[in-house]
Amino acid sequence: MQIFNDIQHYGFWFLVILTVLVFVHELGHFTVARLCGVRVEVFSIGFGPELFGRTDRRGTRWKFSAIPLGGYVRMFGQGENMLEGEADIPLTPEEKAVSFKEKSVWRRMAIVVAGPAANFILAIVVTAGIYLALGQPHNDPVVDEVIANSAAQAAGVLPGDRIQALNGSSVDDFSDLALQVQLNLDRPLVLTILRGGQQITLTAQPRYEVVKDIFGHEQRVPRLGIQNNGSSITRTQVNPIEAVAAAGADTYTQVKVILISLWQTVTGARSSEDIGSVLRIAKMSGEVAQLGVLATIGFAVSISINLGLINLFPVPMLDGGHLVYYAIEAVRGRPLGERAQEWGLRVGLALILSLMVFATWNDLVYLKFFDYLKSLFT
């Protein structure tokens with residue numbers, strides 16, 4: 001059946017992308033742990049029973065596990081990994097030297113933050129590599145066409161206008177316009193336009209439209225109503241420093257967009273239907289893979305940035321939650337009590353599970369799973 005073929009296709013590309021990103025994330029933890037003198041006992045891709053693996057000369061077990069949805073690095077001396085009664089056994093001087101919990105709070109923070117940092121570094125390195133190989137793309141923010149009965153037409157925008165700024169922020173590339181329209185949602189847009197050598201100011205109120213993306217999915221999005229035919233797209237050759245700087249700026253922009261979008265969802269300005277789980281990511285992985293290598297790489301870069309940022313959220317069980325604990329320890333001079341940490345982990349687990357259930361429900365609706373079930377019985 002087609003649905004099972006789709007599941008295999010989407011699942012394959014999802015696991016390929018996820019495995020690479022998880023490996024990079026955990027490699028960040030692993031590398032800094034080793035630099036800090038901590039003994040790493042296990043480096044696992046996936047959870048659950050081991051499928052296969054090997055032990056290196058330093059005693060680290062590198063393995064693939066049965067449930068390929070994530071991974072972990074287990075270090076000697078991490079409290080949550082101690083067996084019952086083990087925490088009360090005094091460590092020898094040799095064991096203290098390689099124990100995670102015996103390291104300074106700053107070294108523990110460095111080890112924790114290294115995972116998300118590795119995801120950001122991967123995004124910057126890959127993007128910079130593309131810019132070095134193909135050049136940095138640029139599309140002048142010039143209006144080639146104004147859609148009839150659109151917000152832009154009502155505001156007085158004309159073909160040939162060059163948009164210099166939007167709500168006071170300079171516009172250097174046409175793609176910046178689409179991004180700003182998406183982020184401003186219901187807010188009026190003040191456009192600074194260069195027309196015939198003169199600078200004018202217009203105000204447009206984006207209008208919501210139901211559109212289909214390249215995969216045929218319907219979405220309700222704000223539209224300004226201008227188009228650029230791409231004739232002015234150029235690629236500029238850059239040196240390594242310029243490529244890294246541009247890639248860093250792109251990564252920063254994506255982080256800002258994610259945070260703004262999340263805040264808009266929390267405040268109700270953006271629909272919570274946009275929140276998706278691994279099901280949607282898996283489907284998008286398979287669809288993007290059909291568009292070619294560059295599209296797949298770009299999608300992986302975006303997911304890597306999301307993975308790094310989400311792990312920095314101050315939620316117990318995530319890297320950000322551990323950073324909060326260590327920051328409190330640095331201020332107090334001693335760790336939080338075990339009871340406080342235990343309650344924090346419970347709350348964090350409840351939050352994560354609730355979000356997973358909500359996101360999965362959204363995805364089942366988005367993927368029309370219930371319509372499919374209904375069709376089986378009608």
### Query
With sequence neighbours left out, what residues match Glu50 under side chain to side chain donor-acceptor pair (under 3.5 Å)?
Arg61
### Query
Leu194: which other cluster members, linking ILVMFWY side chains closer than 4.5 Å, directly or transitively?
none
### Message
Who clusters with Val20? Use side-chain heavy atoms, under 4.5 angstrom, across I, L, V, M, F, W and Y, and order the result by chain and number.
### Response
none
### Query
With a 4.0 Å cut-off, would you call Glu94 and Lys96 a salt bridge?
no
### Sequence-distant partners of Ile226, side chain to side chain contact (heavy atoms under 4.5 Å, CB included), two or more places apart
Val143, Ala152, Val157, Ile163, Phe174, Leu177, Leu224
### Inter- and intrachain pairs under salt bridge (Lys or Arg N to Asp or Glu O under 4.0 Å), touching residues 256-267, at least two apart
none
### Task
Mind listing the closest non-hydrogen atom pair of Gly135 and Arg235 along with its distance?
O-NH1, 2.9 Å
### Side-chain hydrophobic cluster, 4.5 Å single linkage: members besides Ile124
Val244
### Task
May I ask you to decide if the ring planes of Phe30 and Phe43 are parallel, tilted or perpendicular, using 30° and 60° as cut-offs?
perpendicular
Would you give me the side-chain donor-acceptor pairs under 3.5 Å for residues 310-320, sequence neighbours excluded?
from	atom 1	to	atom 2	distance (Å)
Asn311	ND2	Leu307	O	3.0
Asp319	OD2	His25	NE2	3.1
Asp319	OD2	His29	NE2	3.3

### Query
Going by atom types only, do Thr192 and Thr201 share a side-chain donor-acceptor pair under 3.5 Å?
no
### Summary
Sequence neighbours excluded, the answer for side chain to side chain contact (heavy atoms under 4.5 Å, CB included) partners of Ser169 is none
### Message
Applying side chain to side chain contact (heavy atoms under 4.5 Å, CB included), can you list everything that pairs with Val32, at least two apart in sequence or on another chain?
### Response
Cys36, Ala110, Ile111, Ala114
### Closest non-hydrogen atom pair, Asp144 against Pro159
O-CB, 3.8 Å
### Task
Sort and list the pairs that fulfil salt bridge (Lys or Arg N to Asp or Glu O under 4.0 Å) and have at least one residue in residues 147-168, not counting sequence neighbours.
Asp140-Arg162, Asp161-Arg195
## Note on the structure
Those residues at least two apart in sequence (or on a different chain) that pass salt bridge (charged side-chain N to carboxylate O under 4.0 Å, His left out) with Glu242 are none
### Summary
Sorted by chain and residue number, the side chain to side chain contact (heavy atoms under 4.5 Å, CB included) partners of Arg58 (sequence neighbours excluded) come out as Arg34, Asp56
